[in-house]
Amino acid sequence: MMSGLPNWWMAREPREQLLLGILAGLAAVFLLVFILILPVQAAGTSARADFDRAKSDLALVSRLPQTGSGSASRAPFDRAALVAVANAQSVKLTQVQPSGDGAFSVWIDDAETRRLYGFFETLLGDYAATLERVVVSADANGRLSAQFTVR
């Protein structure tokens with residue numbers, strides 16, 4: 001097949017060779033733009049958005065009180081405190097399951113970032129509670145889901 005290509009090319013008129021060369025050049029530019037350049041730009045934009053969201057989340061988390069600091073002045077933690085903080089922060093508790101020793105496994109779905117971290121901040125700041133095994137994930141719209149154990 002490749003041996004017939006030069007013969008085929010030479011059989012074309014110079015005008016046809018020019019048009020086919022222009023067509024090949026345009027096809028190469030099209031493929032370069034849509035296969036390489038646009039996906040790389042989209043990935044860069046997505047990475048910048050993820051980085052900005054991570055910086056915002058870090059700023060919110062860094063305001064959380066450190067565990068063990070001033071725990072004597074905090075109220076005791078129980079299920080009623082968990083529900084009260086969730087209601088105050090407008091965070092919907094999807095599931096709360098006792099897991100022994102006064103601890104609860106908690107699932108939260110579809111929460112706004114500031115409300116979820118406000119929930120954590122209030123819970124840890126006002127009550128003698130600690131978080132364990134925290135998993136927070138975001139969907140494509142930036143809404144958060146969280147699973148954690150609180151004691």
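Distance OG/Ser99 to CZ/Arg133: 6.5 Å, rounded to 0.5 Å. The CD atom of Gln97 lies 10.0 Å from the CZ atom of Arg79; values are rounded to the nearest 0.5 Å. For the atom pair CG of Asp126 and CG of Leu123, the computed distance is 8.5 Å after rounding to the nearest 0.5 Å. Summarising the geometry, atom CG belonging to Asp57 is positioned 9.5 Å from atom CZ belonging to Arg114; distances are rounded to the nearest 0.5 Å. Atom CD of Glu13 sits about 12.5 Å away from atom CG of Leu18, to the nearest 0.5 Å. Atom CZ in Arg12 sits 7.5 Å away from atom CG in Leu20 (nearest 0.5 Å).
Between Leu124 and Ala129 the shortest heavy-atom distance is CD2-O, 3.2 Å. In plain terms, the two heavy atoms of Leu82 and Phe119 that are nearest each other are CD1-CZ, 3.6 Å. Here the closest heavy-atom approach between residue Val33 and residue Pro39 is recorded as O-CD, 4.2 Å. Here the shortest heavy-atom pairing between Gln17 and Trp9 reads NE2-O, 2.8 Å. The shortest non-hydrogen separation linking Arg115 to Ser90 is NH1-CB, 3.2 Å. Across every non-hydrogen atom of Ser145 and Asp110, the tightest pair is OG-N, 3.9 Å.
Side-chain atoms of Arg151 do not come within 3.5 Å of backbone N or O of Ala103 as any donor-acceptor pair. Side chain of Thr45 to backbone of Gln41: a donor-acceptor contact under 3.5 angstrom is found. Remark: side-chain polar atoms of Asn141 are not paired, donor with acceptor, to backbone N or O of Arg143 under 3.5 angstrom. In this structure, Ser56 contributes its side chain and Asp52 its backbone to no donor-acceptor pair below 3.5 Å.
When Val96, Leu144, Val91, Val136 are each tested for a side-chain contact (heavy atoms from CB on, under 4.5 Å) with Ile108, only one passes: Val91.
A continuous path of Ile, Leu, Val, Met, Phe, Trp and Tyr side chains, each step under 4.5 Å between heavy atoms, connects Leu38 with Leu31, placing both in one hydrophobic cluster. Both Val134 and Tyr117 are members of a single hydrophobic cluster when ILVMFWY side chains are connected at heavy-atom separations under 4.5 Å.
Taking the six-membered ring where tryptophan is involved, the planes of Phe77 and Phe104 are perpendicular, since the angle between them exceeds 60° and thus also 30°.
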